[in-house]
Amino acid sequence: MSEQHSTNESPADDAPSHREVVIIGSGPAGLTAAIYTARADLAPLVIEGEPSSTSDQPGGQLMLTTEVENFPGFSEGIMGPQLMTEMRAQAARFGAEIVTAKVSRVELAERPFCIWIGDPEAAKPTHTADAVIVSTGARSVMLGLEAEQRLIGHGLSTCATCDGFFFRDQEIAVVGGGDSALEEAGFLTKFASKVTLIHRRDELRASKIMQQRAFDNSRIEFAWNSVVDDVLGETKVEGLSLRDTRTNETRILPVTGVFIAIGHRPNTDLFTGVLDMDEAGYLVTGADRSTTNVDGVFACGDVQDHTYRQAVTAAASGCMAAIDAERWLESRTD
Ligand code: NAP
């Protein structure tokens with residue numbers, strides 16, 4: 001971690017520090033963009049975020065994952081946080097500067113672009129940039145239980161594709177009633193002996209075809225009108241305390257795993273009204289490109305992808321953003 005730079009110093013009295021490229025966010029997308037832009041001699045600055053809770057920390061969602069077995073290049077798998085440490089060190093090796101801080105404000109109407117860390121009302125930005133790569137990611141919506149912080153990566157997961165494999169022949173649960181929950185439940189039946197879908201109402205939100213597939217799947221059972229009051233287990237998931245919303249009766253569902261699939265939120269508040277977003281708040285990028293509606297601002301990773309949401313696809317789009325930014329900087333005439 002020797003590459004980590006302190007960010008508490010406030011350059012408010014000084015001129016903003018200028019970079020050709022500033023990357024906001026440090027998951028697989030941002031760090032891959034950093035590796036590529038650093039190797040292109042663009043001396044990128046990565047503003048990696050800072051921890052504000054167990055579920056919100058630099059490095060993105062892989063920091064909440066235990067074993068990652070589907071990232072190519074690691075035949076025996078690698079722990080999520082270790083993978084991020086390696087990516088971070090790789091970016092630093094080529095000269096990327098990484099600061100542990102959160103961006104509080106951006107001004108993207110004119111170039112150079114202005115970026116604030118700390119007081120968003122400060123007269124001067126802390127940084128300016130010719131090009132900005134946005135890789136702020138997305139977060140899974142959680143139930144808000146204390147146990148989620150404790151057990152995520154230890155039987156509690158937000159990604160069936162990533163973690164389903166670990167639940168072979170086990171009884172597990174999925175929470176949610178939308179397309180994501182049903183898709184995850186269906187996928188998980190490849191491994192688990194039984195998947196209980198826990199939904200807070202007696203009617204699913206998911207599309208009819210997904211519903212029919214779930215109803216036809218003999219390994220999926222439904223806990224209707226049920227909410228999770230608690231996830232049981234100190235160091236690994238041992239069961240769920242479910243409450244019937246009609247009778248208020250509680251019961252224990254003995255499961256070794258639980259997947260929370262109640263939606264995702266992209267981290268795009270900073271860019272409201274500035275960068276084009278879809279109705280769910282994801283940044284809109286050009287077809288097969290990382291370009292946004294603002295010339296010189298690029299987006300990659302989960303902040304613009306609600307379809308694949310994989311570390312490897314995020315990393316790939318980080319590479320695209322770096323190449324798009326490099327070419328844009330080269331072709332610029334102003
Ligand atoms: P979603 O459609 O918003 O569904 C979220 C589900 O979680 C709802 O059933 C909701 O219950 C439940 N929920 C929300 N907050 C909850 C809480 N605090 N406690 C318990 N349950 C809670 O989200 P999504 O399923 O992630 O889908 C997002 C979008 O992606 C949708 O447009 C979906 O169609 C699309 N998508 C498509 C596919 C596909 O076509 N293959 C796959 C995945 C996602 P209520 O129903 O009671 O509100």
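Note that ligands are numbered from 1 as they come in the structure, with each ligand's atoms numbered from 1 the same way.
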Considering only protein heavy atoms, which is closest to atom 48 (O) of ligand 1, and at what distance to one decimal place? Arg205 NH2, 2.7 Å
Honestly, for Val228 the part within reach of ligand 1 (heavy atoms, under 4.0 Å) is neither
Decide salt bridge (Lys or Arg N to Asp or Glu O under 4.0 Å) for Glu86 and Arg88; before the verdict, give the C-alpha distance in whole Å, the side-chain angles of both, and the deciding distance to 0.1 Å. CA-CA 5 Å; Glu86 295 290 340; Arg88 196 174 181 285; over 6 Å; no
Nitrogen or oxygen of Gly177 less than 3.5 angstrom from that of ligand 1: yes
Which residue and atom name correspond to the protein heavy atom nearest atom 24 (P) of ligand 1, and how close is it? Ser180 OG, 3.2 Å
Determine whether any protein heavy atom is located less than 4.0 Å from atom 43 (C) of ligand 1. yes
Leu197 side chain near Glu221 side chain, heavy-atom distance below 4.5 Å: no
Taking only heavy atoms of Leu143, which atoms of ligand 1 are found under 4.0 Å from at least one of them? 19 (N)
Between His199 and ligand 1, which part of the residue brings a heavy atom under 4.0 Å of the ligand: side chain, backbone, both or neither? side chain
Would you call the rings of Phe215 and Phe222 parallel, tilted or perpendicular, where under 30° means parallel and over 60° means perpendicular? tilted
Regarding Arg139 and His264, is there a side-chain donor-to-acceptor distance under 3.5 Å anywhere? no
Indicate yes or no: at least one non-hydrogen side-chain atom of Asp130 is less than 4.5 angstrom from one of Leu329. yes
Please confirm whether Asp179 comes within less than 3.5 Å of ligand 1 when only nitrogen or oxygen atoms on both sides are compared. yes
Which residue and heavy atom of the protein sit nearest atom 5 (C) of ligand 1, plus the separation: Ile262 O, 3.7 Å
Just one of Thr250, Asp230, Asp229 clears the side chain to side chain donor-acceptor pair (under 3.5 Å) bar with Arg243, so which one? Asp229
Please check if any side-chain donor atom of Glu50 sits under 3.5 Å from a side-chain acceptor atom of Thr100, or the reverse. no
Short N or O distance, Ala181 and ligand 1, threshold 3.5 Å exclusive: no
Hey, would you say the Tyr36 and Phe94 ring centroids sit under 6.0 Å apart? no
Establish whether atom 29 (C) of ligand 1 and some protein heavy atom are separated by less than 4.0 angstrom. no
Could you tell me, atom by atom, which parts of ligand 1 come under 4.0 Å of a heavy atom of Arg201? 45 (P), 46 (O), 47 (O)
Heavy atoms of the protein only: does one fall short of 4.0 Å from atom 32 (O) of ligand 1? no
May I ask you to identify the nearest protein heavy atom to atom 20 (C) of ligand 1, giving residue, atom name and distance to one decimal place in Å? Arg200 CD, 3.7 Å
Starting from atom 23 (O) of ligand 1, find the nearest protein heavy-atom neighbour and note its residue, name and distance. Gly263 CA, 4.0 Å
Between the side chains of Ser157 and Asp163, is a donor N or O closer than 3.5 angstrom to an acceptor N or O? yes
Atom 41 (N) of ligand 1 has as its nearest protein heavy atom Glu183 OE2, 2.9 Å
Cut-off 3.5 Å, side chains only: do Glu171 and Ser193 have a donor facing an acceptor? no
